[in-house]
Amino acid sequence: MSITNGKVPVTVLTGFLGAGKTTLLNRILSENHGKRIAVIENEFGEIGIDDALIVQADEEIFEMNNGCICCTVRGDLIRILGNLMRRKDKFDYILVETTGLADPAPVAQTFFVDDEIQDQLELDGIVTLVDAKHVCMHIDTSSECKEQVAFADVILLNKCDLVSEEDLVALEVRIRSMNAMAKIYRTKDAAIEMDKILNVSGFDLDRALAVKPTFLQPEYPFEWAGIYDFNGKGESLLLDDGPDPSMNILLLSAKETTVESINALAEVAVGHFSSDRIKVEPAGKISAVGQVYQLDLIKKGSKMFELAPEEAGKYVLFMQHKPEEFALSIGNLTPLASVVYDAGHTHDSEISSVGIEVEGDLDQKKFNNWLGELLREKGTDIFRMKGIVSISGEEERFVFQGVHMLFDGRPDRAWGDEEHSNQMIFIGRNLDRKELVEGFNSCLVKNRQLNLR
Amino acid sequence: MPRKKSPTELTLRPLERDWLAEGKDYIGDLSWSPDGTRIVRADASGTVSILDGRTGSVVNEWHAHKLGALKAKWSSTGKYLASCGQDGKATIYNGSSLELLADIDHGNNWVENLVWHHTKDIFLTGAGKDLNLWNADGALIKEFAKHPSTIADVAWNQAAPDHFATSSYNGPRLWNIKDSNYKRFFEWKGSLLNILYSPNGKVLAAGCQDGAAHIWLLPSGEDLYMNGYPTKVRELSFDSSSRYLATGGGTEVIVWDFAGKGPSGSTPLVLPGHESFISVLAFAPKGLKLASGGLDGEVFIWEIGNNKAPVLNTRGDSDVSTLAWRPDEKALAVGFASGETMLFTT
């Protein structure tokens, strides 16, 4: 455990009742035996470690008279943390466990709003535990559940051993569509390496965007993938009328016939889908591996293509649409394993992430005005925001982050030889991707094209 | 908030230190025995100690509270002494022999507030949402209705013996010791960090989390809201005549004048001097001497209403955490975050 800039790191653990927060808490305490850890516990859990200081407190949400959402803080944390930090015997780490139904915003904002807290403590990250088996019961209906996912720096899909691989993939896709910034790990009994959840520097401007936001685009360009065993001769790919006049497909060699092996190839497939496509009309032949074909489906009625990889063997077929939408069949073959990547259809329209990446420099005044107005008008719906941008005329990178309307930014290291570029990510409710991208684009000094995928 | 700066440069005169007493940890409280001979001290390590007021030597010291000790106070008669802390305990001792008389357990709640009555040997405790009145032998006199959120502060009304006030999120409550329910509630959306009556009982003042001070005029309940402080206002002190209210919440002491129609529409007196935020303020028991301590370790003693008087000043090595005027107001005890205690002759 390290202490950065003399401040004591704080990790917030959120998650619904039963997701495994107490189990994780006990793991953290036992694996960091000998460290001075204080735990602010808001649900009565059984902590079996004696040498940690456990403070039980009721979550007290304080709103201020000005009615600003960003001034909603956790009064109990201000009181307790402020008091604990007076001791000469400083803590190495502080863990804050929230109740299952907590909105993480007041906890996060407490670390920005109160001077006493800000001087001595640093919010390291928000870790959200998701009960992989039962989360589907809440994720559509509970705003708290969505907020806990949306605010997280790290999401643990706990109890993953109780869920099928397909369901886990679907859940990951779903969660990724809501929060493109978080690191997602599958866990069983909340077992995880400590460096994945502690000292993650989720709110550290120096590590504002360790991963480029466009690599985190939640939507896959395909909705379905399945493994087929080809015997070396061509198979007829039959399609009926469907919802779209074309469909992109891709063949990749598969080593195994498992869902895991399909997922392992998904990122490779994403790369292929972004390169050139070959258009193919009905009766045409699809044979090249690693080449995306665009099937022309304009003609009414049944259409046939020849699917003929040159060598016999197992192949993963990635498809832009699900086979049932076109009553698709491939000879007499049935998929040996398949995965649905239907983010495009089921992803949460309410909570989403918008990543922006563009080269060039920003006009400082325009950018200030745009961001200021955006936060004033939409700050309630923007949960978290991070960015590294290039301000015209400045030699240093400008890094910033925000929680709702609270904004924290400063010049960072110099660009040097690096090409000036801008990266931003927003996570929030009812975000309008087009509007955000266009707004950002309008702040650029030169009229550059957005490099959006 | 309109501001009126002190017109002249500060004329500083160094404070003379009588003694220094070492200590273990952050001093949460210092309280003089009514005869001015001893000081009781509570620190964040849980230690309560008794210092000789003339020499600063520690004459007694014991580990009173697991975790931190938050308050230690002599009763107004001097017959009793009580301390409270993060272990959920309030402990009562004989004021002369220091013999332990009672240990009151408040469960998981920290006992953050303990205030002796200004004439009788009874005291109030505020622990979490629980408010209780105790006899000096530890017997419960009254259990009051639970607060909806944690009690931030408790204060007796010195002008009305059976009345007191509490503050918490959403406003102050006024109580009478005979009734378990509060008599009045001034609703206010915001977090009140403290509560204080003016000595004449006509003004109730509270500092707020969102950089403001809020006062209610009694008995009308008419309120005034002063905002624009750079940080939360944890420091409040009234002078004995009830004319001046000193407030912290920044690097400058802001003093509101209640003379005439004030402070409504008036500009407060602003006393710049501290380099960091002020952490504690205390008017002398009588007269217009005001002591301020800051996170910069600086202590100033100002004379309100007298621009020409020199300002007394000294600097310690750590944050000033507590100030306690000796009852004869000729000396000021200062507690620091380092655990040191110093006495200065004024």
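Lettering follows sequence order; numbering is per chain, from 1. Side-chain atoms are counted along with the backbone in the values below, which use heavy atoms only and exclude waters and symmetry mates.
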Exercise for the section: Using a 4.5 Å cut-off on heavy atoms from C-beta on, say whether the side chain of B:Leu67 contacts that of A:Arg87. Expected result: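 Yes, side chains in contact.
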Can you establish whether the number of heavy atoms outside [X] located under 6.0 Å from its atom [atom1] is more than 12?
| X | atom1 | value |
| --- | --- | --- |
| A:Lys90 | NZ | yes |
| B:Lys66 | NZ | no |
| B:Glu143 | CD | no |

Exercise for the section: For residues B:Tyr169 and A:Ile61, report the shortest heavy-atom separation together with the two atoms involved. Expected result: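 What the structure gives for the nearest pair is CE2-O, 3.8 Å.
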Handout entry: Which atoms of A:Asp58 approach chain B - backbone, side chain, both or neither, heavy atom under 4.5 Å
Key =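 Side chain of A:Asp58 only, per the 4.5 Å heavy-atom cut-off to chain B.
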Problem - Residue A:Ile78 versus chain B: region with a heavy atom under 4.5 Å - result: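 For A:Ile78, the contact with chain B is made by the side chain alone.
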As an exercise, state the distance from [atom1] of [X] to [atom2] of [Y], rounded to the nearest 0.5 Å.
| X | Y | atom1 | atom2 | value |
| --- | --- | --- | --- | --- |
| B:Asn108 | A:Glu41 | CG | CD | 9.5 Å |
| A:Phe62 | B:Cys208 | CZ | SG | 11.5 Å |
| B:Ser45 | A:Arg86 | OG | CZ | 14.5 Å |

Exercise for the section: State whether the side chain of A:Glu60 and the backbone N or O of B:Thr150 hold a donor-acceptor pair below 3.5 Å, judged by distance alone. Expected result: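 Checking the backbone N and O of B:Thr150 against the side chain of A:Glu60, a donor-acceptor pair under 3.5 Å is found.
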Exercise for the section: Name the region of B:Ser191, side chain, backbone, both or neither, that has any atom closer than 4.5 Å to a heavy atom of chain A. Expected result: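 Interface part for B:Ser191: both.
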Handout entry: chain B contact residues among residues 105-117 of chain A, heavy-atom distance under 4.5 Å
Key =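 A:Asp114, A:Asp115, A:Glu116, listed by number.
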Handout entry: Contacts of residues 368-375 of chain A with chain B (heavy atom under 4.5 Å)
Key =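 The residues closer than 4.5 Å to chain B amount to none at all.
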Handout entry: Residue-level interface, residues 20-30 of chain B with chain A, non-hydrogen cut-off under 4.5 Å
Key =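 B:Gly23, B:Lys24, B:Asp25, B:Tyr26, listed by number.
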Practice task
Look at A:Leu84, A:Val55, A:Asn83 and state which one has the largest set of heavy-atom pairs under 4.5 Å with chain B.
Solution key: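 So the answer, after comparing A:Leu84, A:Val55, A:Asn83, is A:Asn83.
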Problem - Partner residues of B:His214 under the ring-ring contact (aromatic ring centres under 6.0 Å, His included) criterion, sequence neighbours left out - result: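 Checked B:His214 against ring-ring contact (aromatic ring centres under 6.0 Å, His included); matches are B:Trp188, B:Trp216, B:Tyr225.
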